[in-house]
Structures are given as structure tokens and as C-alpha cells.
2 protein chains.
Amino acid sequence: MITIYDLAKKTGFSSTTVSKALNNYPDVSKKTRQAILDTAAEMGYLPNAHAQSLSTKKSWTIGVMFSEDNEIGMKHPFFSAVIESFRKHAEKEGYDLILASRNLRNRGSSYLEHFMYRGVDGIVVICSDPNDPQVQEMIDASIPIVVIDMSNQNCSVVFSDNLSGGELAINYLHSLGHTKIAHISGEPTIYAGQVRIQGYLDAMKRLNLPILDGYLVNGGMFSIEEGSQAMEKLLDLKDPPTAIFIAGDHMAIGAMEAAKKRGYKIPDDLSIIGYDDIEMASYVTPKLTTIKQDTDAIGIRATQLLMKQIIQKKKIITEEIIPVELIERESCKRLKKK
Amino acid sequence: MITIYDLAKKTGFSSTTVSKALNNYPDVSKKTRQAILDTAAEMGYLPNAHAQSLSTKKSWTIGVMFSEDNEIGMKHPFFSAVIESFRKHAEKEGYDLILASRNLRNRGSSYLEHFMYRGVDGIVVICSDPNDPQVQEMIDASIPIVVIDMSNQNCSVVFSDNLSGGELAINYLHSLGHTKIAHISGEPTIYAGQVRIQGYLDAMKRLNLPILDGYLVNGGMFSIEEGSQAMEKLLDLKDPPTAIFIAGDHMAIGAMEAAKKRGYKIPDDLSIIGYDDIEMASYVTPKLTTIKQDTDAIGIRATQLLMKQIIQKKKIITEEIIPVELIERESCKRLKKK
DNA sequence: AACATCAACGAAAGCGCTTTCGATCCAGAG
DNA sequence: CTCTGGATCGAAAGCGCTTTCGTTGATGTT
């Protein structure tokens, strides 16, 4: 490994001047700067990030934390899409992402501790339980942070407009003539789950639609499997719904499976609208009508918010709500008159 | 930020002893070690990773590089599953992952350079073009590396048994009575694409099956869209196949779409078998029969290989081939006699 | 000729930690 | 009582880089 001292020796300047040349300080002449740059290139010099960070207290890294409960980590298409967008934009600003564990060389430790240890310049946490103490701890710390897909009064957050997403769905279903509309919700302790329920409730009330007994069923952690189970419950009702708003595409797909297995035709017997617009949604049969979350915009906005905090060196508290969009495909149909 | 000097001052020992206590050196008495540990906990001491790395030349990070060509990055279910598995196991060993860009604060640079700059202890590259000079550069360097889903004579690689994957598929199709079997391949310059072609070719030869004109079509970068297009070509043939082995689930799904659009029934008119077993495969209609890659095993094996190299401080050159498995679902059917 | 100004460079301290190599002290050996 | 050896501890150098604060010499001013 070749250092600025090697460059100094070679060029005859001091290490100070070399460092300054490398960092575009104004008090080094064009000529010597060029000479230094040239021999740096020639000798294959590379700065040492650790030394730099140690000296400057800036690491040009940002830590990312995934939700833990649902074991899926980055396998979930929504999360991975958001992170990919975030990565792409953070990269442009010169930051690398570090996926940290809580495992400080086998002394267990918290995420915050781990991130502090790593000296990250900021943190992004994605889709978490709002009362996860780990997340709270990070939010309460003074380090720049942005959390995605969750609300909080004490930090920057960005999430989809879950409320109007629910409305969009319900209004659409209603416009197709449906009145008996059920909701398979996500876990209410998850922020997204809770707000989508609220959206459902609000829209139903505004439309003066009744919410029959058993029409609101908790689908849990958004998995396909749980979607199936929830659908079973709905179908067991004496007066089952004609349309269902489902808080996640995975659950919706599971639900469709279950319905088909029972002999229901979708969308003829049952209209279904999902949430997320994961890739799979376009390829199941029938193609899933859904509320699309703009993962790209979420990632971009999150990056901007984090950058701003890092630059200003102070937390900023704000909520960015990203609009959602109804994607009409094939899983909903006008209710046929009986 | 509190340092070992703070601990030293507080406990009355030297910073040397504090460091030794923290690192379990043998030449510090039980009593003082405990005292130091206690005040460390009490004062909320956290080591500084940068200082440690600078001093020890070990960073406890490993760099990950995704393939670039296909713009999908970590959005691809296969890659993200492998990386998730890798992450989980590397974490147990105390390593964090860093997703690096090539953008050294806006002086563009190579991945290798960036990883050197970051001082990673090892590199994992996943699914790449075998002749990407970036990858070659890393392989040729002396840093521990493991590459996934690609073959190479000069480093540790781990990939699925693509050859017998192809055979598995063809034999299965043949066992169902098919003889006119086509292959929609992945880009042959991608390792996985190329070997699956070979598997197809070998199996067909062994079975003494003819490969009719136009039966081998290049599906490109494994996307749904390209799968559709490839299928179109196949269907345009004067003598179209009755069964198709497709080198990736995404392509297979696209292909099914295209076939359906043309009025073909699957599996009645056309048997289709995919590759990967992505989540979506179980939920399209018909459910896709496919060759499952064991992403978990791949991640584990890759971790082990990398750890071994890091510990031994020398590259090890080896090929780990992970078995694949035929997952029988609904997209293939016995050929009906005419 | 004497002075102020400015451009270009370097000495040195500091970032937080590790590690080598002694130094010290005390128990037990001879 | 002297000597040896082991158990504890610390001084100091070093990891590679940044940054403050001077120093130097040249230029321009009166």
C-alpha cells in the first residue's frame, strides 16, 4: 500500500503538500499539484478511507437497517426496490451503504451502537415496527436518520400516501358498483398496516358503506400464506363481500389462490385490489389491480432528506408523503346486478 | 465520543492496559480487566472502527458487487436471495457488508480501487459477465474474493449445477413423451446462460433428440420481456416445439404470457419448464415447473469460502457446485398422442 | 532602502487504537 | 540473601491522513 509519504519522498515535497494537492487546497501551485497528481497516478496511489475518516470524522458511509420481525430482509420486492433506489442516488453523492448486523464481533449490541462503531454519517431504516426500541434508540440519537414507511414525530420520515391509497382503492371498487367491501389488513402495529386500515375505514364512511361483521380481517405480516388464511375467514362468512381491498400484493396473491381453490372466479365472483405493485402483480392470473407505491420516488426523497441533514449537521424533522397510484388491471370487475 | 484515554484517565491505568483489557490480552489481571470493562460500560464506551482498522489493517467488512449490465441490481429475486443468505452468515462471523459504488467522491474509479480504498477484507461478486474487465481486475488482485454464478480458473467460485440442471429439465420433458424440445437461453456471454445451453445440448444429444432449426433462441438478459419475444420466435416456426426449457423463470413467465396471448394453452398445448424457482413461479397460472437453485446453500458456501481465504490470508482457487432440484408444478404435461 | 503583502510550502500535532518491548515487583528457588 | 521467572503494567512508536499555524522568499509600495 502506497501512502502520501511515498508520494512525498518521490516528488520531494512534504506530506503536507501532497495531502493538500490531493485535496485541492488553494495554497499549492498548479505546477506542484500536477506533479503530485501525476506521480500519484503513476504509483497507483489510493487514499486510505480509514485514515481519512479517523482524521476527518466523516466516513462517507450510511448504515441501513432492515426490519427484522418479518424474516424476509432484503428479499421483499418492495424493500429491495426502495433500497436499490436509495443506493443509486446515495452513490451519486459519494456514499456507500453498509448493511450492519447487531453483532459486534460476537458481543451483541444494538444497531445504533453498531452504526456508531462504524462511524456512519447517517442511517436509513426501512419498514419497521414503530415501537421497536432499536429504532427508537436511533431516532433519539443525534445522528442523521431517515425512516421509510413509518411515521414518527421526531425524525425525517418518508412513506407512501397510505391513507389516500386506501381511499383510491375503495372509491374504485365503489365506482364499479360494489358495496360489500372487505379489507384484509396488514398487522396494525406496523405503520403501513394501520394507516391503510384507516384509509379503508374513512373511505367506507364517506361513501356511507356499511362494514359488515368480520369484514376487517388482520392478515398479519403481509405474507402470501397469511393472505390465504385471511381470505378463508372472509369466505366463511355467512354474507361474504363482493370486493376486497388487500393491504399488500403478496397477501392479495395468497388470497386469490385461496378463493380460486374454493371455486370462486376472479374477478367475476370477487373483485380484488392489492397494494404495492410488486413485479409479480402483473403476471399472476388475473393480473392484479393494485395501488402502486412509487419505490423510486421514495428512495430519492429519502436520499435527499438524509443528505440535507448530513450537510446541515442537524436533524430535520419532517414527513414526506409520496403519492400512490391506482393501477387498473384485471382483478376487479363491475358488480353484476342480481 | 469517548475513547480509551477517557477510560484510562477514569480508571487510573494506562491506555495500553485499557486496550489490552478490552481485547482480552493475557497480561492484565482479572481485577483490573473487570474494573476497566465496568467503567467502559458505565461511560458508554464504543470502539472506533476506523482507528481499529487503521491500526490492525483489518476492517471486518466485505465488499459486494452486483452485476451491472442488467440494470436490476439487487431487485432480482435470485440475487437478493443469495445476498441475503450471504449477509446472514457473514454477520455471524462478525462481518458487515458494504455496497460500494465506483464513484470515489466523483473521481470515477474501478470497483477494485474502491474496495481497496475502503479496506475491505474480502469481496463477493455476484452474477457477472465473465469478461467484465472490472471483475477480472478483482480476481487478479491478491484480495480474497469469491464469485457467485460464474466460472473462473483463478479464484473461488460457487454456482449451481447448471449443466445437470439442463439435463434434469430435458430428461423430465422427455419422460413426458416430448421430443420436440426447444430452449430459450440466457445470454451466452453470461456464464449461467452458456452452461444451461450446454446442458440442453448435451441432454438432447444423449437422448438422441433432434434440435430443429430455430429451436435454440437467445433470450438475452433473462427478463420477462425478452422471454416473450423469444417465445414469439418459437411460435413463428413452421414446426414449433411441444416443450420448451427456459433458462430463467422471468423469461419463462414472459414466454407463457406470449403463448397464452396467441391462444396456446399451457400445459396442454405446450409444456414449459423454467429455471431459478423465484417466488413468483409458484403463483403464476399455471404454476411454473422449474429447476430450483438453492440460494441459501449458495450464500452459505460463498461465506465459508471467503472466510477461509481471509483467515488463511491466501486466495484459494476452487469451484463449488451446488446441486439443483426439479420442482414439479403445473406447466408441463405428458404429450398427448396424435 | 525599508516595509507590507502574498503565494507556496512544511513542521507538528492530532484522530483513536494496537503492539512491541521494557520496566517493575513479588514469589519462590537455591 | 541473591537470583530467576512470571505476572502486570506502561512508554512509545506507528497506522495514514488532515489541518493549523508558521516560515520563507518574492513581489510590490512608498
Side-chain angles (χ1 to χ4, degrees), chain A residues 1-37 39-40 43-61 94 104-105 107 113 115-121, chain B residues 1-37 39-40 43-61 94 104-105 107 113 115-121:
Chain A
M1 162 146 259
I2 122 136
T3 75
I4 56 171
Y5 291 100
D6 300 319
L7 294 186
K9 193 166 302 168
K10 184 92 168 196
T11 59
F13 293 100
S14 74
S15 63
T16 305
T17 304
V18 171
S19 174
K20 285 179 177 172
L22 261 16
N23 291 290
N24 281 314
Y25 271 58
D27 62 340
V28 31
S29 73
K30 273 206 172 318
K31 217 173 90 184
T32 79
R33 180 196 319 290
Q34 197 52 55
I36 291 174
L37 258 33
T39 74
M43 300 181 71
Y45 167 78
L46 276 181
N48 178 315
H50 301 300
Q52 266 180 184
S53 301
L54 181 57
S55 181
T56 58
K57 267 107 171 51
K58 168 136 183 109
S59 68
W60 295 97
T61 59
L104 263 186
R105 219 89 20 79
R107 337 172 170 108
E113 284 172 344
F115 286 139
M116 301 300 287
Y117 163 69
R118 284 289 181 200
V120 300
D121 296 331
Chain B
M1 161 145 260
I2 122 137
T3 75
I4 56 170
Y5 291 101
D6 300 320
L7 295 186
K9 194 167 301 171
K10 185 91 168 199
T11 58
F13 292 101
S14 73
S15 62
T16 304
T17 304
V18 171
S19 173
K20 286 179 177 172
L22 261 16
N23 291 289
N24 281 313
Y25 271 59
D27 62 339
V28 30
S29 74
K30 274 207 171 317
K31 217 173 89 183
T32 78
R33 180 196 319 290
Q34 196 53 53
I36 290 174
L37 258 33
T39 73
M43 301 181 71
Y45 167 77
L46 275 180
N48 178 314
H50 300 299
Q52 265 179 185
S53 301
L54 182 57
S55 180
T56 58
K57 266 106 174 51
K58 168 140 183 104
S59 69
W60 294 98
T61 59
L104 264 186
R105 220 89 19 77
R107 337 172 170 111
E113 284 172 346
F115 285 139
M116 300 299 289
Y117 163 71
R118 285 290 181 199
V120 300
D121 296 331

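Each chain gets a letter, A, B and so on, in the order its sequence line appears, and its residues count up from 1.
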Backbone N/O of [Y] and side chain of [X]: donor-acceptor pair under 3.5 Å:
X        : Y        : value
His50(A) : Ala51(B) : no
Asn23(B) : Tyr25(B) : no
Ser53(A) : Ala49(A) : yes

From the list [options], which nucleotide is the closest neighbour of the side chain of [X]?
X        : options                   : value
Thr17(B) : dC9(C), dC17(C), dC9(D)   : dC9(D)
Thr56(A) : dG10(D), dG16(D), dT19(D) : dT19(D)
Lys57(A) : dC17(D), dG16(C), dT19(C) : dG16(C)
Val28(A) : dC15(D), dC9(D), dC9(C)   : dC9(C)
Ser19(A) : dT18(D), dG10(D), dG16(C) : dT18(D)
Tyr5(B)  : dT19(D), dG16(C), dC17(D) : dG16(C)
Gln52(B) : dT18(C), dG16(D), dA8(C)  : dT18(C)
Ala51(A) : dC9(D), dG10(C), dG16(D)  : dG16(D)

As a test of understanding, state which of Ile36(B), Leu7(B), Leu37(B) forms a side-chain contact (heavy atoms from CB on, under 4.5 Å) with Tyr45(B). Leu7(B)
Atom-pair distance ([atom1] on [X]; [atom2] on [N]), nearest Å:
X        : N       : atom1 : atom2 : answer
Ile4(B)  : dA11(D) : CD1   : P     : 13 Å
Asn24(A) : dC17(D) : CG    : C1'   : 16 Å
Asp6(A)  : dC17(D) : CG    : P     : 9 Å
Leu54(A) : dA13(C) : CG    : P     : 17 Å
Lys31(A) : dA7(C)  : NZ    : P     : 18 Å
Lys58(B) : dT19(C) : NZ    : P     : 13 Å
Leu7(B)  : dG16(C) : CG    : P     : 12 Å
His50(A) : dT18(D) : NE2   : C1'   : 17 Å

Hey, which of these two, Lys20(A) or Thr32(B), hits DNA chain D nearer its 5' end, going by closest nucleotide?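 Comparing both residues, the 5'-ward one is Thr32(B).
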Nearest nucleotide by nearest heavy atom, which residue falls closer to the 5' end of DNA chain D, Ser55(B) or Phe13(B)? Phe13(B)
Does the side chain of Thr17(A) come under 3.5 Å of the side chain of Ser14(A) through a donor N or O and an acceptor N or O?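 There is such a pair (donor and acceptor under 3.5 Å, judged by atom type) between the side chains of Thr17(A) and Ser14(A).
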Within the structure shown, what part of the strands sits under 4.0 Å from Thr16(A) by heavy-atom distance: base, sugar-phosphate, or nothing? base
With a non-hydrogen cut-off below 4.0 angstrom, is Gly119(A) in contact with a base, only sugar-phosphate, or nothing? nothing
Nearest-nucleotide 5' precedence on DNA chain C, Pro26(A) against Met1(B):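 With Pro26(A) and Met1(B) compared, the 5'-side residue is Pro26(A).
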Does [X] put a side-chain nitrogen or oxygen below 4.0 Å from OP1 or OP2 of [N]?
X        : N       : value
Tyr25(A) : dT20(D) : no
Asn48(A) : dC15(D) : no
Thr3(B)  : dG16(C) : no

Other residues, nucleotides and ligands only: do more than 12 of their heavy atoms fall within 6.0 Å of NZ on Lys9(A)? no
